[in-house]
Amino acid sequence: MTQRVFVFGCQDFEPEFLDAAAARHGIAVQYSDSTLSAQTAVLARQYSAVSIFANDQADRAALENLAAHGTRFIALRCAGFNQLDLQAAKQLGIDAARVPEYSPYSVAEHTVGLLLTLNRKLHRAWVRVREQNFSLKGLLGFDLHGKTIGIIGLGKIGMAFARIMRGFGCTVLAYDVQQHPYAAELGIQFVSLPALLQQSDVISLHCPLNEHTHHVLNAETLAQTKPGVFLLNTGRGALIDSKALIQRIKSGHIGAVGLDVYEQESGVFFADRSGEILNDDVLARLMTFPNVFITGHQGFFTREAVQNIADTTMQNLADFFAGRRSDCWLT
Ligand code: NAI
């Protein structure tokens, strides 16, 4: 079998890392900045293996077109796999593998960055000082020491974030469908979702997006949070009902919101759109609030993480070509 892969949704920074990893395995790479969809699947005709990123849409229609053109394997260059219709892939005889762990620290540290920025208003201070405005008016924050952090999804990233917040002297609560074995040693307390919502000064989302977690923060659950609560989402956009969030921000209930992900980020994030008219009114509204800080899905974006993603992706492809399977396999 020819060892070659068609890479959908290639980001500017990726070839530098993917080329070196591909060379080690003797895999030829064809890059495309087109994201995968039912319409673009044809670009990969005759490629038995393709690779996709977080914002590609591997839905049933796209997978049917890929299968019709000979694709048998999809290497995801990310950990989350909500963009892939796994059931359809299995039915169509397409195997898939992801990068389950590349650097939980990258996302956890970015989450801390959002929290510190929002609490100490660093984004506003930066603009002010550039204008020689050294007034402190409106920049008052609070000590994180002694505050309660609620983590929804205490997996690899949630745990890395919890460790940092314990270092800050915070109380850490967690809600998860399973209990992490090291949590007790770190003094992390598992609680119900309502208890976490009611007791936390800061709530951070680190669970996967699936049918159980879709809009886990919605009008009803947001109403249970403390007035002044800080919300952080570096998980997946659709964990939060954005319209319900906007209503709660407008009411003054929410202290601040840090988002690295957004429900409808596909087609918006990962590209320079300065000069374009933004057609997403929900995102546009979120961007207007002084207490909302948004980054464009860059939580994973450290040198170490990108290197690991490239290495594991190429290892997954080499395994596919050699007829091997590993823990990274989803199918
Ligand atoms: P993980 O699998 O180690 O941890 C996920 C945790 O969520 C597990 O402990 C699991 O039991 C828990 N969970 C599952 N269903 C739940 C539910 N219904 N309610 C509460 N908890 C639930 O995954 P990891 O590596 O920590 O990543 C978490 C998520 O972070 C990924 O699924 C992905 O969506 C997101 N992510 C975001 C990145 C970014 O650049 N912003 C980069 C990498 C991942």
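Since the structure is predicted, the reported quantities are computational estimates derived from the model, not experimental observations. Counting starts at 1 for both ligands and their atoms, in listed order.
Tyr262 and Asp280 are linked by a side-chain donor-acceptor pair at a separation below 3.5 angstrom, with hydrogens and angles left out of the test.
With respect to the salt-bridge test (charged N to carboxylate O, under 4.0 angstrom), the residues Arg324 and Asp319 qualify.
The 4.0 Å heavy-atom shell around ligand 1 contains residues Tyr102, Val107, Gly153, Leu154, Gly155, Lys156, Ile157, Tyr175, Asp176, Val177, Gln178, His206, Cys207, Pro208, His212, Thr213, Thr234, Gly235, Arg236, Asp260, His297, Gly299, Phe300, ordered by chain and number.
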Taking distance alone, no hydrogens or angles, what donor-acceptor pairs closer than 3.5 Å link side-chain atoms of residues 172-183 to residues at least two apart or in another chain?
unit_1	atom_1	unit_2	atom_2	d
Asp176	OD1	Gln178	N	3.0
Asp176	OD2	Leu154	N	2.7
His180	ND1	Tyr182	N	3.2

Only distances under 3.5 Å count here; give the side-chain donor-acceptor pairs of residues 204-211 to other protein atoms, sequence neighbours excluded, each with its distance to 0.1 Å.
unit_1	atom_1	unit_2	atom_2	d
Ser204	OG	His206	NE2	2.8
Asn210	OD1	His212	N	2.8
Asn210	OD1	Thr213	N	3.0
Asn210	OD1	Thr213	OG1	3.3

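Ring-centre distance between Trp329 and Phe73: below the 6.0 Å cut-off.
Within the structure, side-chain hydrogen bond (donor to acceptor under 3.5 Å, both in side chains) pairs that include any residue of residues 118-131 do not occur (at least two apart or interchain).
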